[in-house]
Every structure is written in structure tokens, then in C-alpha cells.
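Scroll down for the structure; my scribbles are underneath it.
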Amino acid sequence: MSDDKKQSLQKLQQLLQSLQVGQQVNETSSLPPKRKDEYKFWRTQPVASFEEKIQSEGPIEERKTPADIPDSPIPLLSSFEWVIVDMEDDHQADQLYELLCNHYVEDKDSSLRFQYSQRFLKWALKSPRWKKDWHVGVRVKESGKLVAFISAIPVNLSVREKKIESVEINFLCVHKQLRSKRLAPILIKEITRRVNKCDIWHALYSGGGVIPTPVSTCRYTHRPLNFGKLYECGFSGLPHNTTKEQMISRYTIGSSTKLPGLRPLESKDLGKVKVLFDTFQSKYELYQNFTTEELEHWLLGDKEQQNLQNQNEKVIQSFVVENDSGEITDFVSFYILPFGVLQGNVHKTVNVAYLFYYATTAGLKKLSDDAEATKVLKHRLIELVGDVLVLAKRLEIDVLNALTSQDNTLFLQDLKFGLGDGYLHFYLFNYRAFPIDGGIDKETGKFDEVRRSKVGVVML
Ligand SMILES: CCCCCCCCCCCCCC(=O)SCCNC(=O)CCNC(=O)[C@H](O)C(C)(C)COP(=O)(O)OP(=O)(O)OC[C@H]1O[C@@H](n2cnc3c(N)ncnc32)[C@H](O)[C@@H]1OP(=O)(O)O
């Protein structure tokens, strides 16, 4: 490949990357990592240091009880107040939607922003055992304007053989005009207080920026499904000596799925899917133990989504493969989170889907590092995710994104996913753990098909 072509391809990848960056833009990602003692806030928190040689896994802080935790919220400047954002009230859910749309994550020149629908946010924030008290907002007292937010949902994590009652922290957001005023640490301390009051002492969170200290790092990858539109939006250039038609043809996929017995997941499948999923997930070193109720929520959507007339409008799409004997041999899911295109483009939205959870019986009976089992698994995942491309295309998705987590490195290359520039770092609060493989070869920065990743959680 000529240098020009390489450069153009690189540019294309960078541009495409901006479509699927998720959490890595606008965070601390552009800053070089500092020593832990230079992180004014994080050096005070129970997290491992970068340089620490971990000897054994377990909690960092001594065991406390909820009685040790203050009853009152962390003080705020007098012009602001703590509020709960009531996700059951459409008006308040809309205010959160507004805040996130305008201030959460965007690309560098502010031409793209996430379009978190109310439907998406309700699904993400009202998972089983959710608590109103953990949807924490900050309002300007005088105007009532919502200017900051942070959330927690309960999760039961497994870190290697240990089960850890935890929360997942997400949607940390501060209004642009209030940035760099140390409000984020206050939000983090307040959510910590509220969670601790419920006798929970650990958390999982992720982000594109490096803070002390990632337990794993995965890389973003993307698979264009509608190159023509991405090109028209101005996000993708053409590699040197390549026509638009050639690029479109490179990414063209068939219109029908290939796996016999592939159909949408129904609630009657959940029992079987849970058994399959539990077995499949247990090979990872970081994963969530789902109850059947949680599995229903995350794979079928909340009641509102389940009751939709048009199932294509669901933000979560899940499918199973049922064989002739009525066994569920596989399931796969993806969620949809579009970007709004600003600055008067012909296209108003870029439809982005993210690969979510999956499991298969293929290669399960043998040890996961058995070469034959890996071959069987790889072959099956190429078929399964290959069908996801078709299903996503039918829903008019323009790009399918995936991380290098789970067993994804087995199919990314074959299915023409391009390596992105963005990384997603996974963090554990108040828990020391040995590093977990993220599916990237440390020498080359490319997909690690041999070790793969041991990260089995997917965060929204
Ligand atoms: C047991 C329960 C525990 C629960 C808590 C577990 C921990 C949860 C942790 C949160 C998980 C969130 C998961 C998600 O939602 S990741 C999504 C984060 N959100 C965005 O990227 C949206 C756009 N950006 C913003 O809204 C703001 O820039 C944010 C709010 C991110 C920072 O606001 P601002 O730019 O105005 O900064 P500041 O002056 O107030 O504060 C500066 C301090 O904050 C540290 N900082 C900056 N960004 C992040 C970040 N993404 N995670 C952790 N820390 C972060 C930074 O290193 C510095 O500390 P230090 O370097 O001096 O030490």
C-alpha cells in the first residue's frame, strides 16, 4: 500500500473513530498520565497507584459500616443544590436528556453529539434494584437549571473467583460553563457517600482518560455499514486512488442472515439463555452476575420497550439461535445510540450500534485455550456477528462498534472492523486486582487473538 493510501486510510479511521468514541472524547484522554500523587483528587481515593506492584487482590480500605458515613450531603456552593433526577417523571428525564445532549460527550469540533433518547436513559438508569437516590443532579438554585449529573446502578460483579457487591457509575457530566471548577470530585464523593450508606463499598466505571489505575484497557473498533452516508456526512475521506464506489463495495454485506434458527429473543427463552450465558461468561475475569430479572432487563429492554408496537424502535436488540431440538445454541445483542450531526449537514443523524453481550455453545465443551475449541468458537462468532451486521443494516445502522473485550478479537479482522484510536479503560473503586487482558497486543497495539480479552462486562 502506498504511503498516501496509508495516510488516507489512517485519516479515515480517525474520522470514523470520532463516530464511535463513546466516552473517550472530552475526558482526560488527551492528557498524558501523571503520577498518582499529581492527581489532586484521585490520590485521596481508595484506588491503586500506577506504579504499585499488586501482591494480592481485595478491598483497599478497611471495612467500614454505613454508620461511619456522614448522613448529610457533601456541601455545595450556596447557589447550587443537590437534587434527585426523577427518571419516572418525563419532564425531569427530558432535562437530563438535554444536559447530556449538550454537554456529555462530543467530538473535538463539537459537530457530533450523542443523542441519548429518554428511552435509552430510562433503560440504562432503571435496571433492577435501581434507586432514585443514586440519580444525583446539581441544579442552580435560582433558575432550577440542571447543570451536573452522576449515576449509580447496582451490579453484582465477579473479579476472577470473587463476587463483589458493587455499583456501576455512569453519566458523569458537568455543564460546559462549570468545567474545571472541581465539581466532578464533589459529584463522585457524593455518589460514593450515598452508595456507602447502602453498605456497598465498590464500584466499576470506565472512561477514555487515564486516571489511577485501569484494571484493563480495551480498544474501540468500528465496522462501517453505510460507507456512502459516512462519506457524505464528511466524516470519511477516500483513501488515495480509491473511489467511493470501491469503498462502498468493500463494506457491502448480503441482505439475509445465514444462521438457521436465528430469531429475536423472547421472554420464554430467558431461562435457557441464562444457563448458556452464565457458563460462557465464567471464563472471563471481570463480569457481571446477572439475575434472570437483570438479564430480561438488559436483553429485552424495560417494560416500555418490550411493549413497543414496533420492535425495531427498541434501543436494545437481542437474538437467539434455536436448533431443531429446541435448544438455544447462541444469543447475541447490540444496542443503538445515534449521534446527532450538527452544522447543517444533509444528514441529521449517524446511526451507531454497539455490540453488547453474546454467548455460544460452540467450543464450550473444551477448555477455552484448547486450539480446536478456539477454532470452533472463532468460526461460530464470525457467523453470529456476521449476521449481526445484516440485522443492524436492516435497522439502517451506519456503523457497528465493538471493543476488543470478550472474545471479539476472534472475529474483528475477518468481519472488517477497523482498529480505532480510542481506548476504553476499566476501573474498580476500592478494589485491588491484577491486570486483566483487554484484547490488545501490548507490543503492536493490534488485536490479540491469542490471549484475547478477559473483560466480560460491557458498559453503556
Ligand atoms: C463505592 C461507590 C463508589 C462510587 C464512585 C466510584 C468512582 C466513579 C468515578 C467517576 C466515573 C465516571 C464514569 C463516566 O461517567 S465517564 C464519562 C465522563 N463524562 C464526560 O466525559 C462528559 C464530558 N465531560 C464532562 O462533563 C466533564 O469534563 C467531567 C464531568 C468528566 C469532569 O469535569 P471537569 O472537567 O469540570 O473536571 P473537574 O475540575 O470538575 O474535576 C477534575 C478532576 O476530576 C477528574 N476526572 C475528570 N474526568 C473524570 C472521569 N471521567 N472519571 C473520573 N474522574 C475524572 C480529573 O482527573 C480531576 O481529578 P484529579 O486529576 O485532580 O485527581
Side-chain angles (χ1 to χ4, degrees), residues 21-47 49-50 59-61 63-64 66 69 74 76-77 80 96 99-108 110 113-114 116 121 124-125 131 133-138 146-155 157 164-215 422-431 459-460:
V21 284
Q23 296 170 326
Q24 77 264 23
V25 182
N26 256 17
E27 296 187 51
T28 48
S29 55
S30 52
L31 303 175
K34 313 173 268 191
R35 289 195 322 270
K36 185 186 174 190
D37 58 8
E38 290 174 291
Y39 287 84
K40 257 180 30 211
F41 168 64
W42 281 107
R43 73 181 176 206
T44 66
Q45 297 301 297
V47 291
S49 313
F50 293 127
I60 294 173
E61 275 187 336
R63 183 99 179 96
K64 291 188 209 152
I69 303 300
I74 311 285
L76 276 177
L77 281 176
F80 298 102
L96 177 60
L99 175 73
L100 296 180
C101 268
N102 294 317
H103 303 277
Y104 190 49
V105 175
E106 60 186 37
D107 70 328
K108 286 195 184 88
S110 305
R113 284 197 194 121
F114 275 129
Y116 281 102
L121 291 171
L125 291 171
K131 283 184 197 301
D133 195 41
W134 294 352
H135 298 164
V136 185
V138 171
L146 184 67
V147 288
F149 185 75
I150 192 166
S151 68
I153 52 168
V155 290
L157 283 185
I164 307 163
E165 208 45 61
S166 312
V167 290
E168 201 176 282
I169 304 292
N170 209 343
F171 302 113
L172 166 63
C173 183
V174 167
H175 190 291
K176 283 178 182 170
Q177 285 172 359
L178 293 173
R179 294 276 168 88
S180 304
K181 297 185 191 314
R182 314 299 299 178
L183 186 51
I186 294 176
L187 286 157
I188 295 169
K189 281 197 262 183
E190 179 57 14
I191 195 81
T192 305
R193 188 190 71 78
R194 290 179 191 218
V195 170
N196 286 167
K197 270 289 177 199
C198 298
D199 206 9
I200 297 178
W201 307 90
H202 307 285
L204 169 72
Y205 47 104
S206 64
V210 177
I211 49 174
T213 293
V215 65
Y423 291 85
L424 190 67
H425 306 284
F426 290 84
Y427 299 95
L428 292 170
F429 186 87
N430 189 25
Y431 199 85
M459 300 182 69
L460 300 179

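Every heavy atom of this structure was used, including side-chain atoms; hydrogens, water molecules and symmetry mates were not. One-based numbering, in listed order, for ligands and for the atoms of each.
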I'd like to check which ligand 1 atoms, numbered from 1 as shown, lie under 4.0 Å from a non-hydrogen atom of His103. 23 (C)
Given Glu190, Gln45, Arg179, which one has a non-hydrogen atom that is nearest to atom 35 (O) of ligand 1? Arg179
Region of Glu38 that comes within reach of ligand 1 [heavy atoms, distance under 4.0 Å]: neither
Close approach of Gly209 to ligand 1, heavy atoms, under 4.0 angstrom: no
My understanding is that we take every heavy atom of each candidate and find the minimum distance to atom 36 (O) of ligand 1. Doing that for Ser151, Cys198, Ser180, which one comes out nearest? Ser180
Geometric N/O contact Phe41 with ligand 1, under 3.5 angstrom: yes
Would you mind telling me if ligand 1 is within reach of the side chain of Val174, the backbone, both or neither, using heavy atoms under 4.0 Å? both
For ligand 1, does Asn430 get within less than 4.0 Å through its side chain, its backbone, both, or neither, judged by non-hydrogen atoms? neither
For Leu178 and ligand 1, does the shortest N/O to N/O distance drop below 3.5 Å? no
Please test Val138 against Leu178 for side-chain contact (heavy atoms from CB on, under 4.5 Å), starting from the C-alpha separation and ending with a verdict. CA-CA 11 Å; Val138 171; Leu178 293 173; over 6 Å; no
Tyr39 heavy atoms within 4.0 Å reach ligand 1 at atoms 60 (P), 61 (O), 62 (O), 63 (O)
Could you label the plane-to-plane angle of the Tyr104 and Phe171 rings as parallel, tilted or perpendicular, counting under 30° as parallel and over 60° as perpendicular? tilted
So is there a nitrogen or oxygen of Phe429 less than 3.5 Å from a nitrogen or oxygen in ligand 1? no
Ligand 1 N/O within reach of Ser206 N/O, cut-off under 3.5 Å: no
May I ask you to decide whether Asp133 forms a salt bridge with Lys131, counting only side-chain N to carboxylate O separations under 4.0 Å? no
Heavy-atom check, side chain of Thr213 versus side chain of Val47, under 4.5 Å: no
Output the list of atoms in ligand 1 that are nearer than 4.0 Å to some heavy atom of Cys173, sorted by atom number. 26 (O)
Between Tyr104 and ligand 1, which residue portion shows a heavy-atom distance shorter than 4.0 Å: side chain, backbone, both, or neither? both
Between ligand 1 and Arg182, is the shortest N or O to N or O distance under 3.5 Å? yes
Looking only at N/O atoms, are Arg43 and ligand 1 under 3.5 Å apart anywhere? no
Quick check: does Leu172 get an N/O under 3.5 Å from an N/O on ligand 1? yes
Non-hydrogen side-chain atoms of Trp201 and Glu165 separated by less than 4.5 Å: no
Once you restrict to heavy atoms under 4.0 Å, what part of Tyr427 touches ligand 1? Side chain, backbone, both or neither. neither
Would you say the side chain of Leu204 lies within less than 4.5 Å of the side chain of Leu428, judging by non-hydrogen atoms? yes
Do the rings of Tyr205 and Trp42 sit parallel, tilted or perpendicular, given the 30° and 60° boundaries? parallel
Do Tyr431 and Leu157 come within less than 4.5 Å of each other through their side chains, counting heavy atoms only? no
Relative to ligand 1, is His202 under 4.0 angstrom through side chain, backbone, both or neither, heavy atoms considered? backbone
Geometric N/O contact Lys40 with ligand 1, under 3.5 angstrom: yes
Pro214 side chain near Tyr427 side chain, heavy-atom distance below 4.5 Å: yes
Please identify which atoms of ligand 1 are closer than 4.0 Å to at least one heavy atom of Thr192. 3 (C), 4 (C), 5 (C)
How about Thr192 and Asn430: do any of their side-chain heavy atoms sit closer than 4.5 Å? no
Residue Ala203 vicinity, atoms of ligand 1 by number, heavy atom under 4.0 Å: 2 (C), 3 (C), 4 (C), 6 (C)
Any chance you could lay out the side-chain contact (heavy atoms from CB on, under 4.5 Å) test for Ile153 and Trp134, step after step, and finish with the verdict? CA-CA 7 Å; Ile153 52 168; Trp134 294 352; 5.7 Å; no
Hey, are the side chains of Cys101 and Tyr116 touching, using non-hydrogen atoms and a 4.5 Å cut-off? no
Numbered atoms and elements of ligand 1 in range of Val195, under 4.0 angstrom, heavy atoms: 1 (C), 2 (C)
Does Tyr39 reach the side chain of Pro212, with side-chain heavy atoms less than 4.5 Å apart? yes
Going by the order shown, which atoms of ligand 1 are within less than 4.0 Å of some heavy atom of Lys34? 61 (O)
So if I count the atoms of ligand 1 from 1 in the order they appear, which ones are less than 4.0 Å from some heavy atom of Asn170? 15 (O)
Under 3.5 Å: N/O of Leu183 near N/O of ligand 1: yes
With nothing but distance in play, are any N or O atoms of Ile191 less than 3.5 Å from an N or O of ligand 1? no
Anything under 30° is parallel, anything over 60° is perpendicular, the rest tilted; go ahead and classify His425 against Tyr423. parallel
